[in-house]
Every structure is written in structure tokens, then in C-alpha cells.
Number of protein chains: 2
Amino acid sequence: MGEIMSLTDRQRRILESIIKDYVSTAEPVGSRAVVKKHGLKISAATVRNEMADLEEMGYLEQPHTSAGRIPSEKGFRFYVDFMMENETPSDEQMVQLHQALEDRMEDWSDVVQRVGQFLSQVTNYASFIIVPTVKLSQFHSLQIIPMQEDQAIVLVVTDIGIILHRRITIPLSMHPEELKLIGDLFNRALRGKNLHEIKSGDLMALRDEIKTRRKVIDEALEAIDTLLDPQEDRVVITGALNIIKEPEFKDLDKLRRVLTIFEEDDQIKDIVPDHIGEEVAIRIGQENKLEDIKEMSLVFAGYKTTGEMGKMGVIGPVRMEYWKAAGTVESVGLIIDEILERRGLK
Amino acid sequence: MGEIMSLTDRQRRILESIIKDYVSTAEPVGSRAVVKKHGLKISAATVRNEMADLEEMGYLEQPHTSAGRIPSEKGFRFYVDFMMENETPSDEQMVQLHQALEDRMEDWSDVVQRVGQFLSQVTNYASFIIVPTVKLSQFHSLQIIPMQEDQAIVLVVTDIGIILHRRITIPLSMHPEELKLIGDLFNRALRGKNLHEIKSGDLMALRDEIKTRRKVIDEALEAIDTLLDPQEDRVVITGALNIIKEPEFKDLDKLRRVLTIFEEDDQIKDIVPDHIGEEVAIRIGQENKLEDIKEMSLVFAGYKTTGEMGKMGVIGPVRMEYWKAAGTVESVGLIIDEILERRGLK
DNA sequence: TTTAGCACTCGAGACGGGAGAGTGCTAACA
DNA sequence: TGTTAGCACTCTCCCGTCTCGAGTGCTAAA
């Protein structure tokens with residue numbers, strides 16, 4: 001890591017200039033362009049020398065002899081680690097997001113949807129949000145609501161207000177009062193238990209304990225059982241089509257390869273590292289483990305909900321506006337925390 | 001409509017041959033190809049004459065002088081109307097779908113997801129399903145479930161077992177029994193009412209009628225009110241990326257234009273005609289009203305749920321396997337009916 | 001150490017010619 | 001009269017060649 005010192009101030013400025021230019025134009029940057037755009041008081045020839053040095057050190061690359069230079073992944077990494085300042089969304093954008101969320105606070109999946117849209121619209125890259133299933137919340141109460149004829153609904157409420165429901169069949173003869181009694185039975189037995197504890201043992205115990213009205217109880221038990229089945233984490237992907245704007249994917253095959261990543265939710269789950277913190281992290285190109293996205297970059301962060309860790313971020317080309325992506329992910333992280341806080345889900 | 005008779009049997013066979021060939025290869029079809037593939041016992045020269053006639057009548061087009069012919073939209077229309085036989089999915093495919101749905105029957109949004117996947121996977125085009133909001137179902141019952149401290153959940157159950165919920169704040173002092181009383185009050189007042197009726201008048205009447213415990217009732221009323229807010233129809237799009245396989249979209253700009261249709265759910269709603277029946281309908285290219293999809297074709301059908309009409313279908317290039325698309329949409333329609341029937345939602 | 005000058009390299013795009021596929025037309029044939 | 005073989009014609013696609021220009025690396029002077 002002595003590398004930090006190994007770049008002179010001038011070299012850093014040149015590197016930055018090339019990165020900014022290349023990110024916005026997607027074209028190799030020549031020595032003339034560097035002096036022009038970045039009003040340095042040195043000549044093109046000097047820049048050329050520095051650029052040759054930077055290339056030798058691995059921070060720049062040359063697509064072919066007579067082209068300008070483009071930043072290497074190592075160059076981006078250096079910039080991200082030691083030079084970059086996050087660019088947070090504008091105030092208007094933040095206000096807009098807050099407003100969009102204000103009405104819809106109640107519906108969590110709607111919130112996720114909108115946050116995803118925000119991420120992808122502000123950054124112009126594809127965004128993903130992985131919502132973990134609530135495994136560890138507590139059982140709060142259960143109700144059995146009779147419907148027409150032989151139908152009833154089993155409702156399980158968790159302590160944080162999540163509601164799971166499933167319909168069951170009951171004997172035609174059964175009286176609502178009886179259902180209520182059975183519900184109370186469950187409530188007494190299960191209140192305050194962890195949902196996964198319930199799944200593992202208590203249901204069976206309960207079944208043995210109660211001998212009457214076996215059929216309804218069996219059905220209710222089975223309903224609860226399936227309700228507690230480990231569900232897949234939900235993945236919401238937004239703005240996947242943003243990447244077709246990027247010139248690096250003008251090649252249709254490449255484009256197709258990348259887009260198929262977004263078709264399968266599971267792929268996204270595999271792409272993001274398992275154990276992550278709440279601070280923004282960046283994976284550039286080859287740094288990614290999976291072959292499929294070695295030509296893409298990832299900017300992501302975790303967010304804490306009930307026990308589990310959620311993940312969200314953006315996926316874009318290596319030639320990415322990391323500063324904006326990182327700033328946006330950072331801001332969104334704060335907002336998510338705020339929302340969860342307000343709903344008492346932390 | 002005298003047109004039906006105006007094509008000789010041989011001309012029809014040639015038209016069909018060209019359509020089949022063109023749909024699978026995306027290349028103009030020459031006279032030689034027609035004789036070869038479709039083992040007719042006539043010579044290429046004869047076919048050429050017939051093709052010239054078919055072109056004059058508008059069923060075929062020639063991209064340029066020295067190329068083969070491709071079917072015009074009128075040609076496709078003729079084929080679809082008077083010659084086509086639907087090709088339903090294979091038995092294995094149907095069995096697979098049934099199995100995939102078997103476990104997940106309970107979760108409607110999961111069912112929709114899987115059906116959409118089926119549509120797009122079998123046809124290899126993009127699929128859409130528009131799920132109407134349930135406006136007209138009846139109020140069944142309401143429960144107020146106390147949570148920790150000053151929180152409670154208002155639960156509205158409709159007669160077809162749809163559950164809407166929302167959290168409200170209650171006075172700390174309030175006793176669960178009291179909540180139950182309030183709940184019963186609502187139940188007596190509202191049971192059997194149409195939800196949109198409730199929205200329009202009964203809530204206000206109820207509010208006046210009850211003078212005690214005003215705050216909770218107000219909150220509950222407001223919760224119900226927002227729950228009954230007209231929600232947007234839900235749109236599920238699957239397999240949008242299928243279209244990047246189609247050679248007609250090798251042009252990036254064209255591709256982008258088409259893909260953006262799928263980004264906005266509202267666009268899809270506008271694309272599909274408002275009043276449709278349960279039988280499969282087809283819109284070919286220019287027949288579509290909206291500019292954006294005049295280079296695409298639509299194969300769709302309606303399905304009846306509670307009162308409202310849902311819509312689903314596939315979107316693909318004009319050069320589409322209409323027979324397969326129509327057969328698949330048809331089969332899926334039957335399956336949806338079956339599911340809704342079984343859930344008592346018809 | 002920096003800069004100006006200059007020959008060199010390489011890709012992008014224009015140009016042109018040849019091959020091939022498919023046609024329309026004409027004349028012979030059943 | 002409908003069908004077929006033959007043939008000249010047309011147009012696209014592909015491939016090689018050429019030129020242009022941007023950008024470089026190197027050398028020599030400041």
C-alpha cells in the first residue's frame with residue numbers, strides 16, 4: 001500500500017482528468033484532451049510522458065498504439081480508494097423521493113419498488129434491492145376467520161405487524177365460537193415464540209396436546225406450517241434497460257449476456273457478496289467473483305432490518321460514475337434506515 | 001371479404017410455405033426454397049408467377065428487386081384469419097406448469113408470476129398479465145388487532161378472502177376488549193356491503209353514528225378509507241429480453257425503442273385494447289393503435305375474475321409464430337379460469 | 001525537467017469490384 | 001392455356017485496398 005505515495009500530485013490530476021473524461025465520453029483520452037479540458041499549465045508532451053509512466057504502473061491502458069489512454073481497473077480502484085468524493089443526489093431529487101415515499105409508507109413492497117426506481121433513475125444504472133425474509137420475528141397472534149360455507153382463513157400476525165394468511169377448509173357444522181376457541185388455543189401456546197422455533201417443534205407438540213376437533217386443528221397447523229416455510233429472499237431489479245445505453249454494450253452478444261443476469265433473481269443474489277456491512281462497497285470488473293459480471297462494476301451496501309441483512313446497490317459498466325453511484329447508494333441507505341426506524345422494524 | 005375465395009389452393013399453400021419459412025429464418029424466401037422445402041410438384045418458375053400475383057394482391061412484399069419475398073402484414077392477417085391452426089403447448093409443458101402452480105396456489109401474485117413465465121418461455125416472446133384490482137367484492141369482516149404499546153392493525157377481509165391491512169395508532173389506555181367491540185360495530189354496519197359502496201357513503205354515516213372512542217374509530221375509518229383507495233391494476237411483464245434474440249432488432253435504436261415500452265407498466269395497459277373478450281385476439285403490426293408498437297404484434301385474451309376483466313398475452317415481432325402464441329394464450333386462459341374457479345373467485 | 005517537432009502506427013470509413021441469390025421475361029412445351 | 005426451362009438483369013453482401021486523421025514515442029533543443 002506504499003502505492004499511495006507513489007503517485008505524484010500531477011500524476012493524480014492526470015489520472016483523474018482521464019477518468020472523468022473517459023467515463024463521460026467512453027472514448028480513449030489523448031494527451032491534448034487532458035491539457036485542454038483540465039486547464040493544467042503543462043504541455044501535451046509532458047502529459048504524454050506521465051501517461052507512459054502511469055501505463056507502466058498499470059493505472060492506464062492503451063487499446064492500440066495510436067489511440068489515447070483509458071483507465072485500467074487498477075486505475076479506477078486507485079481513484080475510488082484514494083481520490084474520490086461521493087456525489088450525493090441533489091436536494092430536489094431527495095425531496096422528490098421523500099414525497100414519493102410519503103403516501104406509500106404502509107406498503108413495504110411499494111417502498112422497495114420506489115427506492116429501486118430512485119436508485120436506477122438517479123444513477124442511470126441498473127439497481128437491485130434484496131429484501132430478506134423475516135425469519136426471526138415473533139409470533140404475535142393467530143385468528144381463524146370463517147368465510148362462506150366450509151372455508152376459513154388462518155391469519156398469523158407477527159410482532160412487527162407482518163400478516164400471513166392462508167385459506168383452509170373446515171367442517172360445515174363448525175360454529176364460529178368454536179373456531180375462536182381453537183384460535184385462542186394457538187395463541188396461548190405460541191405467543192412470543194420465534195417463528196422458526198414454532199416451525200421446528202411446537203406445532204407437533206401442540207397437535208398431540210389437543211385431541212378435539214382434530215381436523216380443523218390439523219388444517220390450521222398445516223397452514224401455519226406452509227406459511228412459515230422458508231421463503232426466498234425477494235429481489236427487485238429496476239432499470240436493467242439502462243445498460244443498453246452504454247456504448248460498451250453495442251455488441252449484441254455482450255448485451256444479451258449481461259441482460260440475462262437480470263432475468264434470474266438468483267443470479268443477483270449470487271453476485272453480491274454474502275457478508276457485507278452498511279457502508280458502501282465497490283467491486284470493479286474482475287474483482288467480481290462470478291464470470292458473468294467480470295465486465296461490470298457493483299456499488300452496493302447492506303441495510304439492517306429485523307435481524308437479517310438486506311442488500312441494495314447498482315450495477316453498471318466498469319466505466320461507471322462511481323462517485324455518483326456511491327453517493328446515491330449511501331443516501332438511499334440512510335433513507336431506508338429512517339423508514340425502517342419509523343416503522344419500528346429495526 | 002370475397003377475398004377468401006380469391007386465393008387458389010395453390011396460392012394458399014405457397015403463402016403458408018413462405019410464412020413458415022420466413023418466420024423461422026427471418027430471411028426473404030425465394031421461389032426455389034418454396035418448391036424445395038414444401039414438396040410441391042411444380043417448378044420454381046410457376047411459383048415465381050404465383051408469387052408475383054400474391055405480391056400484386058398485397059399478401060407478399062419484396063425488400064428489393066433481387067431478393068425473395070416476405071409476407072406482408074396483410075399476408076399474415078390472411079393466414080391468421082383463414083388458414084392458421086393453433087398449436088397448443090406440449091403435454092409435458094402443461095404438466096410442468098400444473099406442477100409449478102400446485103404448491104403455490106395460495107399466493108396469487110406468485111401464480112401470476114409463474115403463468116407469465118410460462119407464457120414467455122413457451123412462446124419465446126415477452127408476456128404480460130394485467131391483474132385488475134378487486135373493486136366490486138363484498139366486505140366480509142374487520143378486525144382490530146392490538147400490537148405492542150400504542151399500535152394496532154386494522155384488518156379488512158373481503159368475501160373472497162382478500163386481506164387488506166394497515167397499522168394505526170391507538171390510545172395507550174385502550175383495552176383489547178374495547179377494540180373488539182369497535183370491530184364488531186364495524187362488522188355489523190358494513191357486512192355484505194360492496195367495498196366501493198362503503199367508500200362512498202357508509203363510512204361517514206358510521207362516523208356520525210358512533211360517538212364514543214372517537215379517535216380509534218377515526219383512525220380505523222381512515223385506514224379503511226386508504227385501503228379502499230382505487231389501486232392501480234397490477235401489470236406483470238416477463239421475458240421482455242426475449243425480443244433481443246429477434247434479428248429484426250439487431251438495430252440498437254430500434255431495440256431500445258421497443259424495450260422502453262416494457263419499462264413502464266402504464267404503456268402496456270394502453271397498448272392492449274380496453275374491451276376484449278375471453279377468446280384469443282391478434283393485432284398485427286400497423287393494426288396496433290399506439291405508434292410505439294406498430295412494428296410489433298400482439299396476441300392476447302381476457303380472463304374473467306370478480307367482475308373486472310383481466311388481460312394477458314404476448315408481444316413479439318410481426319414475424320411471429322402466431323400459431324404457437326395463440327395456442328399458448330388459449331391454453332393459459334383455460335388454466336387461469338380453472339384456478340380462479342377453484343379459488344371461488346369467479 | 002520540460003517542450004516543440006516529426007516520423008510512425010493503427011483504426012475508421014470510403015471506394016470498388018466480384019460473387020451469388022433471386023428475379024422477370026421470353027420462348028418452348030404439354 | 002397453363003407450365004417450364006433458360007437467360008439476362010439487378011441488387012446486396014463481402015472483401016480487399018486506400019486514404020485520412022488522431023495520437024503516439026522519440027529526439028533534440030530550451
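Each chain gets a letter, A, B and so on, in the order the sequences are listed, and its residues count up from 1. The analysis underlying the following values was restricted to heavy atoms, covering all of them including side chains, and did not include hydrogens, waters or symmetry mates. Keep in mind it's a predicted model, so treat the numbers as computed, not measured.
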B/Ile42 CD1 to D/dA5 P, in whole Å, measures 12 Å
B/Ile70 atom CD1 is separated from C/dT23 atom P, nearest whole Å, by 13 Å
Atom CG of A/Asn49 and atom P of D/dA28 are separated, to the nearest Å, by 15 Å
Under 3.5 Å, is there a donor-acceptor pair linking the side chains of B/Tyr125 and B/Ser120? no
Review point. Any side-chain N or O of A/Arg32 under 4.0 Å from OP1/OP2 of C/dA4?
Key: no
- Please state whether the base of C/dG5 and the side chain of A/Arg48 form at least one donor-acceptor pair under 3.5 Å? yes
Taken to the nearest whole Å, NE2/B/His64 to P/C/dG24 is 12 Å
A/Arg10 CZ to C/dT3 C1', in whole Å, measures 12 Å
Taken to the nearest whole Å, CG/A/Asp53 to P/C/dT1 is 11 Å
The residue among A/Lys74, A/Glu16, A/Arg12 that forms side chain to side chain donor-acceptor pair (under 3.5 Å) with A/Tyr79 is A/Glu16
query = Does the salt bridge (charged side-chain N to carboxylate O under 4.0 Å, His left out) test come out yes or no for A/Arg319 and A/Glu248, once each step is laid out?
reply = CA-CA 9 Å; A/Arg319 183 186 60 80; A/Glu248 26 267 279; 2.6 Å; yes
Residues at least two apart in sequence or cross-chain that pass salt bridge (Lys or Arg N to Asp or Glu O under 4.0 Å) with B/Glu279, listed by chain then number, are none
When rounded to whole Å, the NZ to C1' distance for the pair B/Lys36 and C/dA21 reads 12 Å
Per atom distances to the A/Ser43 side chain, the nearest of C/dT23, C/dG24, C/dT3 is C/dT3
Worksheet entry | Test salt bridge (charged side-chain N to carboxylate O under 4.0 Å, His left out) applied to A/Glu61 and A/Arg69, step by step | CA-CA 5 Å; A/Glu61 309 181 331; A/Arg69 302 297 207 297; over 6 Å; no
Between A/Lys294 (side chain) and A/Asn288 (backbone), is there a donor-acceptor pair under 3.5 Å? yes
Among C/dA4, D/dT24, D/dT4, the one nearest any side-chain atom of A/Gln62 is D/dT24
Given Watson-Crick and G-U pairs under 3.5 Å, DNA chain D in dot-bracket ([ ] crossing, | other strand) is ||||||||||||||||||||||||||||||
Next on the checklist: Counting only side-chain nitrogens and oxygens, does A/Arg69 get under 4.0 Å of the OP1 or OP2 atom of D/dA22?
Outcome noted: no
From the candidates D/dT4, C/dT23, C/dG24, the one with an atom nearest any side-chain atom of B/Met51 is C/dT23
Requested in this report: Give a yes/no on whether any side-chain N or O of A/Thr46 is located under 4.0 angstrom from OP1 or OP2 of C/dT3.
Outcome: yes
Which of C/dT3, C/dG24, C/dT23 is nearest the side chain of B/Ser31? It is C/dT23
Between CD of A/Glu56 and C1' of D/dG25 the distance, given in whole Å, is 13 Å
message: Students often get this wrong, so: under 4.0 angstrom with heavy atoms, is B/Ala45 touching a base, only sugar-phosphate, or nothing?
response: base
Closest of C/dA21, D/dT3, C/dC10 to the A/Ser66 side chain is C/dC10
Task: Any donor-acceptor N/O pair, B/Glu246 side chain to B/Ile243 backbone, under 3.5 Å - done: no
Hey, does A/Phe249 have a side-chain heavy atom less than 4.5 Å from the side chain of A/Met296?
yes
